[in-house]
Visitor: 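Handing you this structure, nothing more for now.
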Number of protein chains: 4
Amino acid sequence: MAATAPRRLRLGMVGGGEGAFIGAVHRIAARLDDCFELVAGALSSDAARAQASAGALGVARSYADWREMARVEGARDDGIDAVAIVTPNHLHAPVAHAFMDAGIHVICDKPLAVSLAEGEALARHAREANLVFALTHTYSGYPLVRHARELVAAGELGEVRVVQVEYAQDWLATPLERDGANRQASWRTDPAQAGPAGCLGDIGTHAYQLAAFVSGLTPESVAAEVHTFVPGRRVDDHVQAMLRYASGARGMLWASQVASGAENALRLRVYGTKAGLAFDQEEPNVLWFTPQGGEARRLTRGRVTGEAARHATRVPAGHPEGYLEAFAQLYRDAAAQIRARGEGVAPPQESLLLTTVDDGVAGLRFIEAVLASSAANGAWRSIG
Amino acid sequence: MAATAPRRLRLGMVGGGEGAFIGAVHRIAARLDDCFELVAGALSSDAARAQASAGALGVARSYADWREMARVEGARDDGIDAVAIVTPNHLHAPVAHAFMDAGIHVICDKPLAVSLAEGEALARHAREANLVFALTHTYSGYPLVRHARELVAAGELGEVRVVQVEYAQDWLATPLERDGANRQASWRTDPAQAGPAGCLGDIGTHAYQLAAFVSGLTPESVAAEVHTFVPGRRVDDHVQAMLRYASGARGMLWASQVASGAENALRLRVYGTKAGLAFDQEEPNVLWFTPQGGEARRLTRGRVTGEAARHATRVPAGHPEGYLEAFAQLYRDAAAQIRARGEGVAPPQESLLLTTVDDGVAGLRFIEAVLASSAANGAWRSIG
Amino acid sequence: MAATAPRRLRLGMVGGGEGAFIGAVHRIAARLDDCFELVAGALSSDAARAQASAGALGVARSYADWREMARVEGARDDGIDAVAIVTPNHLHAPVAHAFMDAGIHVICDKPLAVSLAEGEALARHAREANLVFALTHTYSGYPLVRHARELVAAGELGEVRVVQVEYAQDWLATPLERDGANRQASWRTDPAQAGPAGCLGDIGTHAYQLAAFVSGLTPESVAAEVHTFVPGRRVDDHVQAMLRYASGARGMLWASQVASGAENALRLRVYGTKAGLAFDQEEPNVLWFTPQGGEARRLTRGRVTGEAARHATRVPAGHPEGYLEAFAQLYRDAAAQIRARGEGVAPPQESLLLTTVDDGVAGLRFIEAVLASSAANGAWRSIG
Amino acid sequence: MAATAPRRLRLGMVGGGEGAFIGAVHRIAARLDDCFELVAGALSSDAARAQASAGALGVARSYADWREMARVEGARDDGIDAVAIVTPNHLHAPVAHAFMDAGIHVICDKPLAVSLAEGEALARHAREANLVFALTHTYSGYPLVRHARELVAAGELGEVRVVQVEYAQDWLATPLERDGANRQASWRTDPAQAGPAGCLGDIGTHAYQLAAFVSGLTPESVAAEVHTFVPGRRVDDHVQAMLRYASGARGMLWASQVASGAENALRLRVYGTKAGLAFDQEEPNVLWFTPQGGEARRLTRGRVTGEAARHATRVPAGHPEGYLEAFAQLYRDAAAQIRARGEGVAPPQESLLLTTVDDGVAGLRFIEAVLASSAANGAWRSIG
């Protein structure tokens, strides 16, 4: 008998009204692989704006308040299956708890929360409620990032010795937040909304997650310094860190939002006893693999044959996929897991690379260790 | 008053059942910007397969025959607004005529048809029926391709002197069609389905269209040679051509499906009296612009500020967009034009870069001229 | 017993006075591997300038006239072993004959001569006089060009199907020759000094030679067009050509000196049934090799292990070598051959990749065929 | 009156017998611009080997002992003007003192010495003896490195905020020194010959010097860790460091000889308030300059018009120069300074970018601070 299309999951969204960069990204990502339909939203903390956004976006059920939305949607027979949380960081935890209380799965932007304690409570809640809690570490959705992870896990690099990861941007090289016109700049540099970590929380956690995801290793300690270059800025806009791993591996992490000229330069290199690999987020259809003493091989999406990459690939080699597809991959994997929960079966193996609340907790542990080290003039501090 | 989301346009599809590469691409592209909902299909010439594909894809109304589909959908109040034609080439014309007869807009894969006469009839029909007829020359949907066109049009290159365009692949370097297992290889090398042009029609027309789109110039004559490298193949798998333009400009075009190692290497370079530019489809977030005697400038999607690029851009610089977004752009522009027709207003200016049946006719003129030149041992032949 | 350093060969130079780009290059190249000492020269057709240049360069014996130089040096016991000819093209032949008449080996810049007849006479003369006649097709001195040739010869590409070669510059995009200030622009665009081929002779022959050198194939016919873009220019500044090989292979050659933005962009791609390779003169420490359907391998100078590359390599991988080293390689190989002639032994195997008067003749055959084809509106013309 | 060629300076060499990589490099570099003639040498600590090497290289005066060589050459009327010291590190100081005692200028490989005290004594000696003491930090001889320095100095980057420098190799990823067959691996991993710093001294100092040279900034403190990955190795093969500058700038430095796949990957990035720049030693004909929020500009050797770059450039844009030319530049600048001393005049302005004993002292200060910090578990330590 022929397969039948599974029904689209019903998605709600909190935050992400018109004009918010990341809200639009989530909507495209949710739609791209046809797994979700956006049917409800509390798209802004401003009620009128929320309503207007819902209208403009064709969202059927608009709420002025996310608490009400959680309650109502949780009670409807045709209520949402999952909620996408795309608010400023400080709201991630309360919103997520509310929807989990209503039995609704969560897809949350990163960083997970504004403190480790908050994050751990979320992880506990998700576990106890048996809910899917995806955290959108976008870059782990790239096929070649997953392939890189697979290569390391398969021993193709030998024993990992060195991890070099960096994430450079330049959009905060000037005091963009000063006049309030750039909403994203404003909240991301406001500790009350962004949490205590600025650049560290926004992109440092991405770098940290990517390195851990691919290398399969979590550092045990860090010596770090956060720094604020732009006068008057209330959070860090630069972080540099050295890493030690239990295996003896060493690493460095650099993240900066004042690196003039850099767009979104997340780059990872991992060196093992047998080979090294390199990935550049801005050229995500390519992964470099070079044996010790040998020639670099330019692996490409669509030509690599590993299962993990294939699962995350839509179009053939030479037809570039990008950021939105990587993001969509997380939604696709979340959908697979949500459906499996609904059916009471184990989620498909290939969906398990989805980043979750646990990755978020790991990121918060890193943030706390970096801030502690920085406060101690760069002394080594244990991570978690 | 707040904007209201326009209703999603209803889309039908002919061809493109499960497993067909380009059908899946059209479906994602149609969905990505939330302009279309796929509601009807005659997804295969095999009735059972059509039904199975419709079920697996969740397409509400499945037809065993595209003639019936055109008739029924044209008669329904909630019939489809547009049909996507993703069949082998020889069916483009009859299918498109049938749907145009039913008053339904057309979004057709390229090449437009299997002969110039066929193509011209389609263009006439679309004009007389006042219907939108989009032709999916995907690569013209890239923001930086549109920006390149804008740079040339604005005189930033000076007078165009030289056009170099090439499109290299290697997937047909072996007789892939021989055992029939690869459906795409089979029909694309079958003159009865693909038309008289193989590589020339499949990718040569893309290269030709891209060069014309960006340079703003149509060559007046061509000296060319088509060639078949793989023994037993019934269509060309290689074409090389020299171009002359009325302005005195010169050009070369090369397309090959036996270029071992090449994935989907469509590359354009245009040189003018003041500057040159270069675009590589496999790195579509970058456009190179170099003044005569000067330094290359690496223009990036999201940082260039031209209107044409901005209209086709979804996410900021450094967050790569790719092939699917370029494809979606065509659907987005088609939607804008279809809506404008529905409202009896002029289409938005920014949607007018959509490639249409007229580009298809131009491509067929090129095919005929190349085949004529090749048959005349490479003598110069007028294009159109 | 320990090896003894061979004596440095004594080199003379005709042309190449101070300020002449290519004269300085020859002098560095001759010196770099310590094979030659420049001891005599007729460095300019202007006697005072010749004398001044000799003084400034520390050249021991300065001649006002190259005929006298040939005669005197040929008669001295410590006369020069070889002469480097770096004059405008029209003097290559008479100067070379004069020195060969004096029993002196020749190292000549390209193109060899201003007509095929002239070139063939030189080849005959060199053969009859049993003299080394090196022609400085610089790019064949790159280790990775030699390695590429070796890969093709070893069958690593399978049967060659497609050759794509191009050489783009922009230095003549404007009428640089008009005011006479740029001496090189002046003579290179003067048919009386450069010969009938402008861009075609200057860089088209380099492209042609490189393609033949690496592919191991000489095309049997060409369909071509030379063109002059810059008003008032007396030679071509642009050439485009299609190539046919006896094996059935196809090719294209493009050379332009009006390609705005291009510096010295000589690029070769060769595609065979099994793999393709690509070389870019501006990045000469890298050679790309990609199997059909496979991943690109970035071969690097110093890491490739072939004999041909090793012989032409001075420093380890990652320590870039460049144009001057490639040029020096020709001098080194010429020295080895000259010494072998002196000793009456066979030249070392590894020196035999030196380009010679025969490559020059091949280039002149190509020039004549291109000009003939162009005059016949691009009709196919046999090469040689 | 016409210029007269200055006489070639007479060069001696200590160390660098046949087969020693760096000795051959020095000889080519000395010869390339025709400033020096190698006339004397103590090419090996093994007398027979020294003699054999001298014979094979055509060095006129061979010494079994460098002390004797210094004495004899210092006393000859036609004694050497300068000595090139290319021994293992521990001999740099005694050899240099001996030749300076003889009134002979010094060109010494890096690192300068095996301790800061040794280095400071050399600097003092050179100053008191009024001798040129060049230290061959090769990479500062690249035209585009000098241009980068000029851009920073001219304020084109604004105020420097971030310095990122790294130097990765993989040649010591395995215990290459174990069997003694690789002479360079042996002495470079032997503390008695290399000094207390392995990777740190060999390439870490290059990275440090390059960063300081271009940025114009010397860090005031460092938090660092040296590490040895290869079991049994007696020196470090990996170093990671964080840097603080008095201006408030921050930086990171990474050097590794176990980075599998890396050849000679010295890369520098400097970010200022207005723009950033990037240089990769393996692609030395290119320098990237990107304004904050703007487009990357690919500056190329031969097209940049600054004086510093022009002085270090031999051939036009698009004709790659490499490592040997950068090295030769140091010899050329040293020659200019030596001649100026001889004539009692100020050295030419453009020769002053030559790296000297003072850069060596700075490097030793860095080594000592890194080792101190590493010994203190990465605590910040003042540099110098």
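Within every chain, numbering begins at 1; the chains are lettered A, B, ... in the order of the sequence lines, protein sequences first and strands thereafter. When reading the values below, keep in mind they use all heavy atoms of this one structure, side chains included, and skip hydrogens, waters and symmetry mates.
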Visitor: Just give me the residue among G248(D), G294(D), G378(D), A379(D) that pairs up with chain A most often, heavy atom to heavy atom, under 4.5 Å.
Guide: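 Between G248(D), G294(D), G378(D), A379(D), the count favours G248(D).
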
Visitor: Among G251(D), A262(D), A278(D), which residue has the highest count of heavy-atom pairs closer than 4.5 Å to chain A?
Guide: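 Ranked by contacts with chain A, first place is G251(D).
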
Visitor: What's the spacing between M252(A) CE and M252(D) CE if we round to 0.5 Å?
Guide: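 That separation rounds to 3.5 Å.
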
Visitor: Can you tell me which residue pairs pass the side-chain hydrogen bond (donor to acceptor under 3.5 Å, both in side chains) test with a partner in residues 142-155 of chain D, sequence neighbours excluded?
Guide: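 Every side-chain hydrogen bond (donor to acceptor under 3.5 Å, both in side chains) pair that includes a residue of residues 142-155 of chain D, provided the two are not neighbours, is Y142(D)-Q281(D), R146(D)-D333(D).
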
Visitor: Among A259(D), G272(D), G276(D), who wins on heavy-atom pairs under 4.5 Å with chain A?
Guide: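 Greatest number of close heavy-atom pairs with chain A: A259(D).
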
Visitor: Please identify, among A168(D), A241(D), G158(D), the residue contributing the most non-hydrogen atom pairs under 4.5 Å to chain A.
Guide: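 Option with the greatest count: A241(D).
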
Visitor: By a 4.5 Å heavy-atom criterion (distance strictly below it), what part of A224(D) contacts chain A: side chain, backbone, both, or neither?
Guide: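 It is the backbone, since no side chain atom gets that close.
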
Visitor: Which answer fits E295(D), side chain, backbone, both or neither, if we ask what part of it has an atom under 4.5 Å from a heavy atom of chain A?
Guide: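 Neither part.
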
Visitor: I would like to know whether H238(A) and Y271(D) meet side chain to side chain contact (heavy atoms under 4.5 Å, CB included); could you show each step before the answer?
Guide: CA-CA 12 Å; H238(A) 185 89; Y271(D) 302 95; over 6 Å; no

Visitor: Under the 3.5 angstrom rule, does the side chain of D170(A) hit a backbone N or O of G293(D) as a donor-acceptor pair?
Guide: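 Yes, the answer is positive, given that a donor and an acceptor are paired below the 3.5 Å cut-off.
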
Visitor: For A296(D), is it the side chain, the backbone, both or neither that has a heavy atom under 4.5 Å from a heavy atom of chain A?
Guide: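 Contact with chain A involves no heavy atom of A296(D) at all.
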
Visitor: Would you compute the distance between atom OG1 of T174(A) and atom NZ of K274(D) and round it to the nearest 0.5 angstrom?
Guide: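 T174(A) atom OG1 to K274(D) atom NZ measures 14.5 Å (nearest 0.5 Å).
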
Visitor: For E166(D), which atoms come within 4.5 Å of any heavy atom of chain A: side chain, backbone, both, or neither?
Guide: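 Just the side chain, heavy atoms under 4.5 Å.
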
Visitor: How far does CZ of R269(A) sit from CH2 of W254(D), to the nearest 0.5 angstrom?
Guide: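 Between atom CZ of R269(A) and atom CH2 of W254(D) there are 5.0 Å.
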
Visitor: About how many Å separate CZ of R244(A) and CG of N377(D), when rounded to the nearest 0.5 Å?
Guide: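 The distance works out to 4.5 Å.
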
Visitor: Show the nearest heavy-atom pair for residues E225(A) and W380(D), with the distance to one decimal.
Guide: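 Where E225(A) meets W380(D) most closely, the heavy atoms are OE1-CZ2, 3.7 Å.
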
Visitor: Give, for atom CD of Q240(A) and atom CZ of R250(D), the distance between the pair rounded to the nearest 0.5 Å.
Guide: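 One gets 7.0 Å once the value is rounded to the nearest 0.5 Å.
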
Visitor: Let me know if A275(D) has heavy atoms under 4.5 Å from chain A in its side chain, its backbone, both or neither.
Guide: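 The backbone, not the side chain.
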
